[in-house]
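Written out below as C-alpha cells is the structure these notes cover.
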Protein chains: 2
Amino acid sequence: MTGVKDNTGGQTRIQRDKIAQISEAALDVFSTHGFRGATVDQIAKAASLSKPNLLYYFPSKEAIHTHLLENLLDTWLDPLRQINPDGDPLDEILTYVRRKLTMSRDMPRESRLFAYEIIQGAPNMGAGLEEVLKPLVDGQAQVIRGWMEDGRLRPADPHHLIFSIWSLTQHYADFDVQVRTVLGPKVTDPFPQAEDYLVTLFTRMLAP
Amino acid sequence: MTGVKDNTGGQTRIQRDKIAQISEAALDVFSTHGFRGATVDQIAKAASLSKPNLLYYFPSKEAIHTHLLENLLDTWLDPLRQINPDGDPLDEILTYVRRKLTMSRDMPRESRLFAYEIIQGAPNMGAGLEEVLKPLVDGQAQVIRGWMEDGRLRPADPHHLIFSIWSLTQHYADFDVQVRTVLGPKVTDPFPQAEDYLVTLFTRMLAP
DNA sequence: TGCTGTTTTGACCAAACGGTCAAACCAACG
DNA sequence: CGTTGGTTTGACCGTTTGGTCAAAACAGCA
C-alpha cells in the first residue's frame with residue numbers, strides 16, 4: 001500500500017512517532033519562515049528524514065501545514081474556554097491574561113504560526129474562525145458583559161477587551177526581537193516585567 | 001546604459017513615477033504574501049509592467065523589498081517622535097494612541113509588511129532597530145518616566161507602556177480578518193469602537 | 001529461513017522562480 | 001529626418017521547489 005492510512009485513528013506507534021516528529025520540525029520551520037518561505041527539504045532535514053520519506057507520511061507540504069493549524073486553534077483558545085463564570089471576575093480575567101502570557105513564553109512558535117496565518121487573511125482557517133472562534137468569543141463576551149452589568153467590573157466593550165488581551169500577550173511572542181532589542185541585552189527575560197505591567201493595566205482598567 | 005542611475009537623486013520624472021508605481025504594487029504584494037510568498041511576476045503585473053521592465057528599475061526582488069523597508073521605519077516611528085515633553089501628559093499619550101490607530105486604519109499594508117519583518121526576526125532591519133528604534137524609544141520612555149515621577153501620570157513601566165500601544169493599535173491592522181470575523185458583518189468599521197476602547201483603557205491606566 | 005507488508009531512498013520530473021540579454025521601440029532634439 | 005539615449009520586451013537560462021516512482025531495505029512472523 002502507498003502512504004499512511006487515513007484518519008481512522010488506527011496508526012502504528014511508529015507512525016504516530018514519525019508524524020509527531022515531522023510536526024515538531026514543521027512547526028519550527030513554518031513559524032520562522034512562513035508557509036511559502038518554508039521548503040519541504042528544510043522540514044525533512046529538521047526532522048532527520050529524507051524528503052520522499054516525509055511525503056510518505058504527509059501527502060503534501062500543505063497537508064503538514066493544515067495538520068498543524070487544525071491542532072492549533074483548540075490549544076490556542078483553551079485559556080479563553082477556561083474562564084469561569086462563577087469565579088471572581090477580576091481574578092478570572094487576570095488568570096486568563098497570565099495563561100495567555102505563559103503560552104506566549106512557552107509556545108512562541110505556535111503563536112507565530114498563528115500570526116502568519118491571520119495576517120495573510122487566514123486562507124486555511126476560514127472555517128475555524130467563523131465556526132469555532134467567533135461563537136466562543138461571543139459566549140465569553142456575554143459572561144464578561146454580565147459581570148460589568150452587575151457592577152463587578154468597570155464597564156468596557158468585552159470584545160475589544162478580549163482583543164486587547166490577545167494583542168498584548170501575543171506581542172511578546174510575535175515581536176520578541178523588537179521587544180528584546182528595545183529592552184536591551186540586560187533584560188534576559190522580558191516576561192516577568194510584562195506580567196507585572198499587564199496585571200497593573202487590566203486591574204486599573206477593570207477593578208470596580 | 002543599463003539600469004537606472006543610483007541614488008544620486010538625479011532622476012527623471014518618468015523614473016520617479018515608475019519607481020513609485022512599482023513600490024505601490026510591491027507594497028500590495030509583499031504585505032499580503034510576505035517576501036518569499038511574493039513573486040516578481042506578481043509585482044510586475046500589479047504594476048502593469050513586464051518583468052524585465054520592472055527589473056530595469058530595481059536590480060532585484062530583494063532591492064524592492066529593502067527599498068520599502070527603508071522608507072517605512074521613519075514613517076512608522078513618526079508619531080512616537082511627535083510626543084511633546086511640554087504638553088499635557090495624558091493628552092500626549094492619547095494623541096499618540098490615536099495617531100497610531102489612524103495609521104493602522106490608513107496604512108494597513110505598511111503595518112503588515114512591518115509585522116512580517118519583525119516576526120521573521122527583522123533580517124533586513126537589524127541596523128534600523130538598534131540604531132533608530134531603540135534610542136528613540138529610550139528617549140521617549142525617559143520623558144514618560146519624568147511625567148510619572150512628577151505625579152502627572154500613574155506609574156507604570158514606560159517601555160512596556162509603549163509596547164502596549166504598539167501592540168494594541170497594530171493589532172487592528174495586522175489581525176484585521178480576525179477582528180472583523182469576531183465582530184461580525186454588522187460592524188463595517190471597527191476603528192471607532194477601537195478608539196473608544198483604547199482611550200478608556202489608557203485613561204484608566206494613566207490618569208492620576 | 002522464507003514470505004509479507006511497511007518503510008526508506010536515490011533518481012527523476014515538470015513547474016515556478018529570479019534574473020539576463022540582445023534586439024526592438026520610442027521620445028526628443030539638432 | 002536621423003541620431004542619440006533612455007525604455008520596453010520576448011525569448012531564454014540556471015536553479016529551486018513540490019512531488020513521483022520503482023526499487024531497495026527492513027521488520028515481523030510462520
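Note on naming: letters A, B, ... go to the chains in the order of the sequence lines (proteins, then strands), and numbering restarts at 1 for each one.
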Stepwise side chain to side chain contact (heavy atoms under 4.5 Å, CB included) test for A:Phe35 and A:Glu117: CA-CA 9 Å; A:Phe35 179 74; A:Glu117 187 63 14; over 6 Å; no
Which whole-number value in Å describes the distance from A:Asp17 CG to C:dT6 P? 18 Å
Please enumerate all protein N or O atoms sitting under 3.5 Å from an N or O of nucleotides 17-21 of chain C, with distances to 0.1 Å.
from   : atom 1 : to      : atom 2 : distance (Å)
C:dG18 : OP1    : B:Ala38 : O      : 3.3
C:dG18 : OP1    : B:Lys61 : NZ     : 2.9
C:dG18 : OP2    : B:Val40 : N      : 2.9
C:dG18 : N7     : B:Lys51 : NZ     : 3.0
C:dG19 : OP2    : B:Lys61 : N      : 2.8
C:dG19 : N7     : B:Lys51 : NZ     : 3.3
C:dG19 : O6     : B:Lys51 : NZ     : 3.0

Take a 6.0 Å sphere around NZ of B:Lys45 and say whether it holds more than 12 heavy atoms from other residues, nucleotides or ligands. no
B:Arg16 CZ - D:dG6 P separation (whole Å): 16 Å
Nucleotide D:dT20, atom P - distance to CG of A:Leu54 in whole Å: 13 Å
Which class fits the ring pair B:His171 and A:Trp166: parallel under 30°, tilted 30 to 60°, perpendicular over 60°? tilted
Give the rounded distance in Å between these two atoms: CG of A:Asn53 and P of C:dT6. 15 Å
Can you tell me how far P of D:dT9 sits from OH of B:Tyr57, to the nearest Å? 10 Å
Kindly indicate whether the side chain of A:Met125, heavy atoms from C-beta on, has any atom under 4.5 Å from the side chain of A:Ile118. yes
Atom pair distance, as rounded to whole Å: OH in A:Tyr56 and C1' in C:dG5: 9 Å
Any Lys/Arg nitrogen of B:Asp74 or B:Arg81 sitting under 4.0 Å from an Asp/Glu carboxylate oxygen of the other? yes
How many whole angstroms separate atom NE2 of A:His33 from atom C1' of D:dT16? 15 Å
To the nearest Å, how far apart are B:Gln15 CD and C:dA27 P? 16 Å
Going from CG on B:Leu168 to CG on B:Leu201, what distance comes out if it is rounded to the nearest 0.5 angstrom? 6.5 Å
